[in-house]
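Residue numbers start from 1 in every chain, and the chains themselves are labelled A, B, ... in the order their sequence lines are given, proteins ahead of strands.
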Protein chains: 2
Amino acid sequence: MKATMKDVAALAEVGVGTVSRVINGVKVKDKTREKVMQAIAELNYEPDEYARGLKTNRSNTIALILPTIWHPFFSEFAYYVEENLSKKGYKLFLCNADGNPEKEKEYIQMVKQSKVDGIIGITYSDIDQYVSSNLPFVSIDRHFSEQVSYVTADNYLGGQMAAKALIDRECRHLCYIGGISPYPNETNNRKAGFAKGGEESGVEVQIFDMKEPIQDLEGQLEPFLRSHPEIDGILAVNDFMALDVMKVMKRIGRNAPYDYQIIGFDGVKLSSDREYLLSTIVQPIEEMAKASVKTMMAMILNQEEPRRVVVPVSFFEGKTTKVLKKD
Amino acid sequence: MKATMKDVAALAEVGVGTVSRVINGVKVKDKTREKVMQAIAELNYEPDEYARGLKTNRSNTIALILPTIWHPFFSEFAYYVEENLSKKGYKLFLCNADGNPEKEKEYIQMVKQSKVDGIIGITYSDIDQYVSSNLPFVSIDRHFSEQVSYVTADNYLGGQMAAKALIDRECRHLCYIGGISPYPNETNNRKAGFAKGGEESGVEVQIFDMKEPIQDLEGQLEPFLRSHPEIDGILAVNDFMALDVMKVMKRIGRNAPYDYQIIGFDGVKLSSDREYLLSTIVQPIEEMAKASVKTMMAMILNQEEPRRVVVPVSFFEGKTTKVLKKD
DNA sequence: CTGAAAGCGCTAACAC
DNA sequence: GTGTTAGCGCTTTCAG
């Protein structure tokens with residue numbers, strides 16, 4: 001039915017070893033290669049990745065573990081990861097772990113059996129202990145042991161930039177609004193950078209952190225915002241939180257950028273939201289994806305040491321901050 | 001280094017066949033199983049999917065071919081597909097074809113070599129010819145030959161429902177705004193259903209179709225909308241198009257639902273857009289994903305015939321249509 | 001430069 | 001019930 005290498009060898013009147021060499025681009029006599037190529041074409045031969053994988057212990061497959069692909073930030077990230085991998089001839093296993101440590105572990109188990117050549121993960125739990133040290137692991141936004149590489153945006157600087165942008169626009173009562181996850185993560189750096197940015201200019205910075213998973217978001221936000229009418233500059237932990245804050249603020253009768261100013265974080269291209277321009281600190285998702293794949297390839301192909309990559313963020317001036325007057 | 005079945009057999013003092021049986025849940029004496037399980041635990045043994053796949057010709061992997069994961073409709077769909085597959089112990093290859101027929105073909109080639117057990121595809125080109133007839137294929141929103149299953153929302157009925165909803169809300173000059181793709185697809189049914197819906201009530205229906213890929217969308221829309229001030233009820237081919245139309249309309253000084261009413265199509269959960277409630281015909285994405293996986297499983301496991309599944313749509317009453325007065 | 005042959009780790013048919 | 005064994009299709013020595 002399906003042609004095997006043996007069939008090709010027979011038709012081309014060579015040994016299977018030679019066919020293998022042709023497939024793998026090892027040097028053979030031109031004449032021989034031609035014969036083989038022709039036989040391959042004639043039989044419509046396709047090498048069996050599984051037989052090859054069994055022998056070589058490689059699969060040309062990378063697993064991507066995400067909280068959920070169903071979120072613009074992650075789906076954009078996944079898009080670029082897949083694009084870059086596919087260019088290198090790698091396939092991608094998609095794993096939605098739902099932010100569930102159990103599931104993250106299960107997936108790691110699962111993909112290890114499937115001989116993945118590496119894992120790129122945006123994970124919550126401390127999973128580095130589950131991936132054997134010889135399996136390349138690139139973590140996004142989380143720093144594990146020395147064994148794993150990580151790629152992250154410069155969240156601390158992002159926080160600082162936000163503070164500076166607000167202060168430049170004459171805010172004097174800053175507030176960070178975010179959540180506290182049971183697992184430490186990079187959003188803490190956003191907060192810390194923001195606080196630092198305020199401090200440097202001698203401006204007060206309040207922190208409003210809600211415990212995650214957040215219950216009744218608006219119910220928590222509204223009393224807080226009502227009782228702090230002095231707040232005139234906000235950094236939200238991410239864009240969605242910013243939108244939530246704005247919604248509640250609107251209910252209180254305060255509108256950005258007139259009554260207060262607000263900056264989000266992430267900068268996902270909210271294609272559904274073109275009307276609405278949130279000022280935000282943009283993470284360069286495409287670059288992060290590229291860096292992840294590049295790091296992964298370096299680890300796989302060149303056996304390189306794990307690396308630490310920090311990519312820069314930028315301030316996108318939307319319509320929720322005032323236009324900065326040029327002097 | 002890594003334990004193999006042979007090691008387990010040796011430690012448990014049984015034959016490899018027995019270990020295999022235990023792994024695969026074939027009946028063995030309780031006592032024996034126990035010994036084997038213990039050896040497995042002790043050696044931290046993990047079966048090698050590649051060796052197994054080589055033997056069985058199955059991989060427990062499904063490929064999902066999409067235009068791009070970077071679009072809320074597809075990412076939500078992918079989320080549910082992955083979730084359902086994972087429950088059945090299947091893995092997912094993610095393939096972004098970018099709506100490019102060449103890439104779609106390449107991916108099919110690629111995943112065939114990787115022994116995928118089936119393909120779920122939202123594709124543009126006529127690719128059924130490239131997938132061998134014995135490889136289960138479930139197509140979303142596109143009907144190929146008898147060899148392939150398909151799952152689709154009831155787009156025709158959706159079009160009719162939109163027409164009815166608008167007419168019930170006293171629109172008398174309907175218009176469908178969409179695009180013409182070089183490849184036939186289900187959006188044509190939306191248009192046809194809409195036209196039919198108008199016809200049934202004796203209401204005029206205009207069609208404004210732009211050739212895809214659409215260049216200068218707004219530049220095309222504005223003159224058309226300006227020159228047709230009589231239009232008071234619009235069905236857009238999808239939610240994004242609806243948002244674009246609303247943007248242009250706003251510029252002309254017309255606002256929904258006061259000056260006209262508009263309905264979108266898809267109903268992706270625009271989490272970023274909570275302020276903004278577009279009336280729309282909702283495709284039940286989760287159900288479509290479930291149906292796809294279920295159909296796939298039926299084809300793989302029970303060798304069932306291809307199926308045709310049409311899932312119902314529903315009208316979501318947002319704020320871009322008037323509230324229907326109850327009599 | 002190329003053919004022959006030994007497995008990679010597993011499953012399944014066959015014996016016991 | 002369980003051990004033994006023959007491959008699955010390929011890569012990779014090892015000779016020649």
Any chance you could lay out the side-chain contact (heavy atoms from CB on, under 4.5 Å) test for B:Tyr90 and B:Val293, step after step, and finish with the verdict? CA-CA 10 Å; B:Tyr90 277 75; B:Val293 171; over 6 Å; no
Give each protein N/O atom lying under 3.5 Å from an N/O atom of nucleotides 13-16 of chain D, with the pair distance.
| unit_1 | atom_1 | unit_2 | atom_2 | d |
| --- | --- | --- | --- | --- |
| D:dT13 | O4 | A:Arg21 | NH2 | 3.3 |

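Side-chain atoms of B:Asn96 come within 3.5 Å of backbone atoms of B:Ile69 as a donor-acceptor pair (strictly under, hydrogens ignored).
Using a 4.0 Å cut-off between a side-chain N of Lys or Arg and a carboxylate O of Asp or Glu, B:Lys290 and B:Glu287 do not qualify as a salt bridge. Classification of B:Lys31 and B:Glu34 as a salt-bridged pair fails, no side-chain N sitting under 4.0 Å from a carboxylate O. Salt bridge status for A:Lys103 with A:Glu106: absent, with no side-chain N to carboxylate O gap under 4.0 Å.
Applying the 4.0 Å criterion to OP1 and OP2 of D:dC10, one finds that A:Ser20 has every side-chain N and O outside that range.
Between A:Trp70 and B:Tyr79, the angle of the ring planes lies from 30° to 60°, which puts this pair in the tilted group. Ring-plane geometry between B:His71 and B:Phe73 is classed as perpendicular, the angle between the planes exceeding 60 degrees on a 0 to 90 degree scale with a lower cut at 30.
Neither side chain, B:Glu104 nor B:Thr123, offers a donor N or O lying under 3.5 Å from an acceptor on the other. With no hydrogens or angles considered, a side-chain donor-acceptor pair links B:Asn57 and B:Lys115 at under 3.5 Å. If you check the side chains of A:Thr68 and A:Asp98, you find no donor sitting under 3.5 Å from an acceptor.
Residue B:Val14 is in sugar-phosphate contact alone, with no base atom involved, counting any heavy-atom pair closer than 4.0 Å across all strands shown. Within 4.0 Å of B:Val16, counting heavy atoms only, lies at least one base atom of the nucleic acid.
Computed from C1' positions of five pairs at each end, the angle between the two local axes of the helix from C:dC1-D:dG16 to C:dC16-D:dG1 equals 40°, rounded to 10 degrees.
Along DNA chain D, the nucleotide closest to B:Lys29 and the one closest to B:Lys115 are compared, and the more 5′ of them pairs with B:Lys29.
In this structure, A:Met5 atom CE and C:dA5 atom P are separated by 17 Å, rounded to whole Å. B:Lys6 has its NZ atom 6 Å from the P atom of C:dC8, to the nearest Å. When the P atom of D:dG9 is taken as reference, atom CD1 of A:Ile23 falls 14 Å away, rounded to whole Å. Atom NZ in B:Lys112 sits roughly 16 Å away from atom P in D:dG9 (whole-Å rounding).
If you check residues 32-63 of chain B against DNA chain D, the residues with a heavy atom closer than 4.0 Å are B:Thr32, B:Leu54, B:Lys55, listed by number.
The shortest distance between side-chain heavy atoms of A:Tyr45 and A:Met5 falls below 4.5 Å.
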